[in-house]
Number of protein chains: 2
Amino acid sequence: MTTMREVADRAGVSIATVSFVLNDTKPVTPATRERIETAMAELGFRRNAMARALASRRSHLLALAYPALEHKLGSTGMEFVTGAAAAAREMEYHLVLWPVSNDATELGELVADGLADGVLLMEVLLDDPRIEVLQRAGLPFSLIGRTADPDALDYVDIDFDQTMTIALDHLQELGHQRIALLQEGPLQRLLQSYGPKRRTRQAFRRMTRHRGLDVVVLDCPPTVGGGRQAVTRLVAEHPDLTAIMVQNEHAAAGVVSGLQSVGVAVPRDMSVLSFLTSPDMAMMSDPELTMLRAPGTALGDLGVRRLIDLVEAKPRPTEPAAPQLIPCELVAGETTAAAPSR
Amino acid sequence: MTTMREVADRAGVSIATVSFVLNDTKPVTPATRERIETAMAELGFRRNAMARALASRRSHLLALAYPALEHKLGSTGMEFVTGAAAAAREMEYHLVLWPVSNDATELGELVADGLADGVLLMEVLLDDPRIEVLQRAGLPFSLIGRTADPDALDYVDIDFDQTMTIALDHLQELGHQRIALLQEGPLQRLLQSYGPKRRTRQAFRRMTRHRGLDVVVLDCPPTVGGGRQAVTRLVAEHPDLTAIMVQNEHAAAGVVSGLQSVGVAVPRDMSVLSFLTSPDMAMMSDPELTMLRAPGTALGDLGVRRLIDLVEAKPRPTEPAAPQLIPCELVAGETTAAAPSR
DNA sequence: CTGAAAGCGCTTACAG
DNA sequence: CTGAAAGCGCTTACAG
């Protein structure tokens with residue numbers, strides 16, 4: 001390992017000057033800069049990350065905190081992680097993974113270790129105890145998703161309203177008037193305070209009312225079997241439905257197969273639209289699911305860039321930056337079509 | 001932030017002594033230990049990670065390097081990552097993500113930064129340029145997967161032989177005699193040197209010959225459409241096949257739907273077995289895929305623990321530890337059944 | 001069993 | 001524009 005000392009000696013300067021060219025933090029004569037740069041190149045010098053971190057009080061490490069228990073991050077979760085890691089890399093930061101329990105003590109300890117310059121929080125709950133811990137620690141952080149009242153926080157999230165608009169536009173253009181929304185449930189302790197479910201439901205209720213559509217809202221377990229059972233009941237009780245939105249990919253697959261097993265053809269007799277879904281999953285279904293693709297990579301990328309902005313902000317900002325909301329993209333599959341005429 | 005200095009002052013000792021109890025590295029009288037521990041508790045002291053790293057020349061950071069380009073890590077890749085992160089956490093290490101290009105220069109630079117104590121390499125190629133870089137750097141590393149000639153290396157991998165034995169046992173118990181293996185292909189530059197494909201194929205060829213089974217081996221694109229097309233040709237050219245093993249989950253789904261669309265019922269007329277697959281994916285297919293479940297979490301966990309062993313080994317070991325191979329687990333779905341009698 | 005001191009490899013006022 | 005020196009918060013021989 002070659003140190004700044006060796007570079008300085010070889011270039012005939014002090015280590016301070018080496019540091020100045022490395023960080024471009026003070027003016028240096030072209031001539032000496034030149035000498036230093038060739039010395040660095042010849043020695044293959046790379047500045048030690050730990051020493052830099054300690055001296056500059058900046059580790060260039062960003063932590064990604066996610067709930068350790070549900071160690072199913074899912075396909076969208078993975079997109080999020082890789083998107084965040086790629087953005088961090090591009091900005092010359094590193095992303096470190098913090099699988100922590102949802103009670104915030106573990107997170108608090110990690111934060112106190114002074115390892116990370118900032119924290120990115122995934123799977124944010126509507127009332128999330130982790131946030132208070134981060135605030136008290138005074139460490140920069142931003143959220144993927146948001147709490148019930150996120151105005152004072154820095155976050156990126158899915159644009160649920162816009163996504164719902166896209167979904168309803170799609171279905172209405174196809175002539176659908178009676179639409180069901182099927183979501184994960186019954187609410188468990190944890191999901192009770194889970195934003196995407198609530199926000200989707202609210203947008204659905206509000207917008208369908210405004211558009212004068214007939215709707216049904218139902219919960220089912222987030223599994224293939226759950227979707228299958230739920231849809232059987234659903235079509236029995238609401239024979240006039242022509243389209244179903246499903247907010248869980250496994251349930252969506254179950255809905256499709258459940259429909260077909262009771263003689264309802266998809267998409268001829270019934271359209272199915274899978275909400276907040278990843279292509280990997282949607283393609284596995286037969287017929288392939290039409291989906292609103294969750295913007296996992298984009299959110300990961302954005303989240304990291306915002307966090308870096310926060311970390312590097314010269315005076316600590318008092319107001320959070322305006323939140324960024326990204327809608328899901330409609331990706332045509334084979335499960336939506338014109339509503340059957342009656 | 002409270003430092004060791006403050007703890008030492010409050011306990012009336014030197015910072016050296018504080019360090020000794022923190023690291024349990026020298027005997028300390030119960031009485032002073034007591035004083036120090038209460039001082040730490042009262043102050044909420046947490047030792048600074050950067051300072052510790054610099055002084056001890058150990059960062060407690062482990063890097064997970066994966067190819068940045070194919071930023072599809074897939075469902076098993078995710079299991080691997082979360083398994084590794086959880087194990088690292090449990091061992092009081094941190095996992096940092098290094099999405100790097102497959103040419104090894106980027107990896108070389110990161111290694112030279114002195115950030116990580118060791119590197120875990122994912123998606124190992126049969127001839128992998130990254131390995132030489134790590135060897136030359138002298139940094140501990142271990143592999144998930146292995147090169148063509150891995151004897152001198154430290155790795156964990158899937159036990160392909162054992163997995164193939166489980167698969168063939170399963171199919172033979174069901175009476176299957178004529179079996180196809182469908183894998184990803186045609187080989188692209190990168191996949192050409194991809195181990196799992198080659199090892200599966202070799203195990204398949206060797207074991208089926210030994211068991212006196214009739215076989216077909218074929219490549220297809222790793223997509224639903226690829227599987228669908230391939231299987232259509234396959235059954236036309238080999239009408240006596242009764243079972244197909246597929247080494248890509250998307251292709252497996254395509255095989256199932258392709259078969260049904262040409263009037264071959266699954267599993268009545270044809271069994272389909274999905275190789276190295278994740279439950280998340282298998283469940284999306286209809287009927288649900290019978291699979292050999294890839295041990296993603298276990299490999300991630302093991303890989304990290306081995307790497308930590310390496311990092312902490314007192315004299316640098318000259319021989320690698322014996323490799324650990326983990327077979328896939330057979331998970332019953334709905335796509336395998338007794339061979340049709342002819 | 002405990003402490004004084006050097007040192008890890010950088011950054012950053014402070015002087016000149 | 002450049003350098004000497006203090007300092008980041010720990011660990012670790014070395015003494016006693």
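What you see is a predicted model; the values in this text were computed from it and never measured. Residue numbers begin at 1 in each chain, while the letters A, B, ... track the order of the sequences.
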Nearest whole Å is fine: how far is D:dT11 C1' from B:H60 NE2?
12 Å

Need the pair for C:dA15. Rule: Watson-Crick or G-U wobble, both distances under 3.5 Å, any strand; none if unpaired.
D:dT2

A:N23-A:S19 side chain donor-acceptor pair, cut-off 3.5 Å:
yes

Verify the neighbour count for atom CD of B:E132: are there more than 12 heavy atoms of other residues, nucleotides or ligands below 6.0 Å?
no

State which of C:dG7, C:dC1, D:dC8 makes the closest approach to the side chain of A:A55.
D:dC8

Taking NZ, NE, NH1 and NH2 as the nitrogens, is one of them in B:E90 or B:R305 under 4.0 Å from a carboxylate oxygen of the other?
yes

Whole angstroms only, please: what is the NZ-C1' distance between B:K26 and C:dA4?
12 Å

From C:dT11, D:dC10, C:dG9, pick the nucleotide closest to the side chain of B:R52?
D:dC10

Verify the contact: side-chain N or O of B:S14 to OP1 or OP2 of C:dG3, cut-off strictly under 4.0 Å; return yes or no.
yes

What's the CZ-P distance between A:F20 and D:dA4, to the nearest Å?
12 Å

As a test of understanding, state which of A:L310, A:L153, A:L120 forms a side-chain contact (heavy atoms from CB on, under 4.5 Å) with A:F141.
A:L153

Would you say a side-chain N or O of B:R5 is under 4.0 Å from OP1 or OP2 of D:dC8?
no

Among D:dG3, D:dT11, C:dG9, which is the nearest nucleotide to the side chain of B:I15?
D:dT11

In whole angstrom, give the distance that lies between atom CG of B:D113 and atom P of C:dG9.
15 Å

At what distance, to the nearest 0.5 angstrom, does CG of A:D113 lie from CE of B:M1?
9.5 Å

Got a donor-acceptor contact below 3.5 angstrom from the B:E106 side chain to the B:V100 backbone?
no

In this structure, how many angstroms lie between the P atom of C:dG9 and the CG atom of A:D9, rounded?
14 Å

With a cut-off of less than 4.0 Å, is there a side-chain N or O of B:T29 near OP1 or OP2 of C:dT2?
yes

From CG of B:N48 across to C1' of C:dG9 the rounded distance in Å is 15 Å

Given D:dC10, is OP1 or OP2 found less than 4.0 Å from the side-chain N or O atoms of B:S56?
no

Under 4.0 Å, counting only non-hydrogen atoms across every strand here, what does B:S19 touch: a base, just sugar-phosphate, or nothing?
base

Please tell me if B:R57 has a side-chain N or O lying less than 4.0 Å from either OP1 or OP2 of D:dC10.
no

Whole angstrom is fine here: how far is it from CG in B:L54 over to P in D:dG9?
12 Å

B:T32 vs C:dT2: side-chain N/O to OP1/OP2 distance below 4.0 Å:
yes

To the nearest Å, give me how far apart CZ (A:R33) and P (D:dC1) are.
10 Å

Mind checking if B:M1 touches a base, just sugar-phosphate, or nothing, with heavy atoms under 4.0 Å?
sugar-phosphate

Compare side-chain N and O positions of A:N23 against OP1 and OP2 of C:dT11 and report whether any pair is under 4.0 Å apart.
yes

